[in-house]
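Have a look at the structure below, then the notes.
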Amino acid sequence: MKKLSEAAIAQNLETLEKWRLIEEKWIERRYRFKDYLEGIRFVNKLAEAAEEVNHHPFITIQYKLVIVELTSWSENGLTDSDFDLAIQCEKLYKEMV
């Protein structure tokens, strides 16, 4: 995977509601759930999806809030893999709520 340009990152972010750019090399989204266990179910589904594509996000669980952060360490920034997994996160979330 190749590191994306600033223009490509901006274009990708336009298609992802509620995702934001952090320090020019991360994207982050916060998901709120009705209860703790619903958030845990989301994290488990996301973990399975991440394992399938061998691209693993940083996940923080704060009770009913799940924070997902994506970057590509090998490229020191964002790649298509990050945005592909972000799209998968959105699909998983919509299936649950």
Side-chain angles (χ1 to χ4, degrees):
M1 276 286 136
K2 184 175 127 185
K3 183 177 174 179
L4 296 173
S5 68
E6 287 181 26
I9 291 168
Q11 185 176 7
N12 277 296
L13 279 173
E14 286 178 13
T15 66
L16 291 170
E17 186 179 331
K18 298 184 182 179
W19 284 84
R20 63 187 184 118
L21 182 63
I22 309 286
E23 298 177 6
E24 307 301 317
K25 62 180 172 180
W26 297 83
I27 54 174
E28 177 190 272
R29 166 83 152 88
R30 294 169 178 248
Y31 295 94
R32 186 160 304 279
F33 295 90
K34 65 180 178 181
D35 60 43
Y36 176 76
L37 287 178
E38 187 178 45
I40 296 300
R41 284 189 288 276
F42 171 77
V43 168
N44 285 333
K45 288 181 180 189
L46 175 53
E48 289 176 19
E51 191 66 19
E52 284 180 22
V53 296
N54 195 31
H55 191 62
H56 303 91
F58 286 86
I59 301 170
T60 304
I61 302 166
Q62 297 178 357
Y63 185 44
K64 297 188 282 186
L65 179 69
V66 174
I67 303 166
V68 178
E69 298 172 307
L70 295 165
T71 193
S72 294
W73 288 107
S74 62
E75 299 302 321
N76 195 31
L78 294 162
T79 67
D80 286 330
S81 293
D82 300 301
F83 287 97
D84 291 344
L85 191 54
I87 290 167
Q88 185 65 28
C89 287
E90 293 300 300
K91 288 179 184 176
L92 291 170
Y93 182 71
K94 287 177 183 172
E95 289 173 3
M96 296 188 71
V97 293

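Numbering starts at 1 and runs along the sequence shown. Predicted, not measured: the structure shown is a model, and the values here were computed from it.
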For [X] versus [Y], what's the shortest heavy-atom pair and its separation?
X	Y	answer
Leu70	Ala86	CD1-N, 3.7 Å
Met1	Ser81	CG-OG, 3.3 Å
Trp26	Leu21	O-CD1, 3.2 Å
Ile40	Ile61	CD1-CD1, 3.6 Å
Gly77	Thr71	O-OG1, 3.3 Å

**Study point:** Set of residues satisfying salt bridge (charged side-chain N to carboxylate O under 4.0 Å, His left out) with respect to Glu28, sequence neighbours excluded
**Key:** Arg20, Arg30
Please determine whether residues [X] and [Y] belong to a single hydrophobic cluster, defined as Ile, Leu, Val, Met, Phe, Trp and Tyr linked transitively by side-chain heavy-atom distances below 4.5 Å.
X	Y	answer
Ile67	Val43	no
Trp73	Leu85	no
Ile22	Leu16	no

Check your understanding: How far does CD of Glu38 sit from OH of Tyr31, to the nearest 0.5 angstrom?
Key -> 13.0 Å
Revision key, fill the gap. So CZ of Arg32 and NZ of Lys18: to nearest 0.5 Å the spacing works out to 10.5 Å
Practice item. Give me the one residue out of Leu46, Asp35, Leu92 that meets side-chain contact (heavy atoms from CB on, under 4.5 Å) with Arg41. Key: Asp35
Show me the donor-acceptor pairs within less than 3.5 Å that the side chains of residues 49-60 make with the rest of the protein, sequence neighbours left out.
unit_1 : atom_1 : unit_2 : atom_2 : d
Glu51  : OE1    : His56  : NE2    : 2.8
His55  : NE2    : Asp82  : OD1    : 2.6

Review point. Does Ala8 offer a backbone N or O that forms a donor-acceptor pair with the side chain of Ser5 under 3.5 Å?
Key: yes
**Study point:** Test ring-ring contact (aromatic ring centres under 6.0 Å, His included) applied to Phe33 - qualifying residues, sequence neighbours left out
**Key:** Phe42, Tyr93
Check your understanding: Are Phe83 and Ile9 close enough that some pair of their side-chain heavy atoms sits under 4.5 Å apart?
Key -> yes
**Study point:** Note: Arg29-Glu90 ion pair, threshold 4.0 Å (strictly below)
**Key:** yes
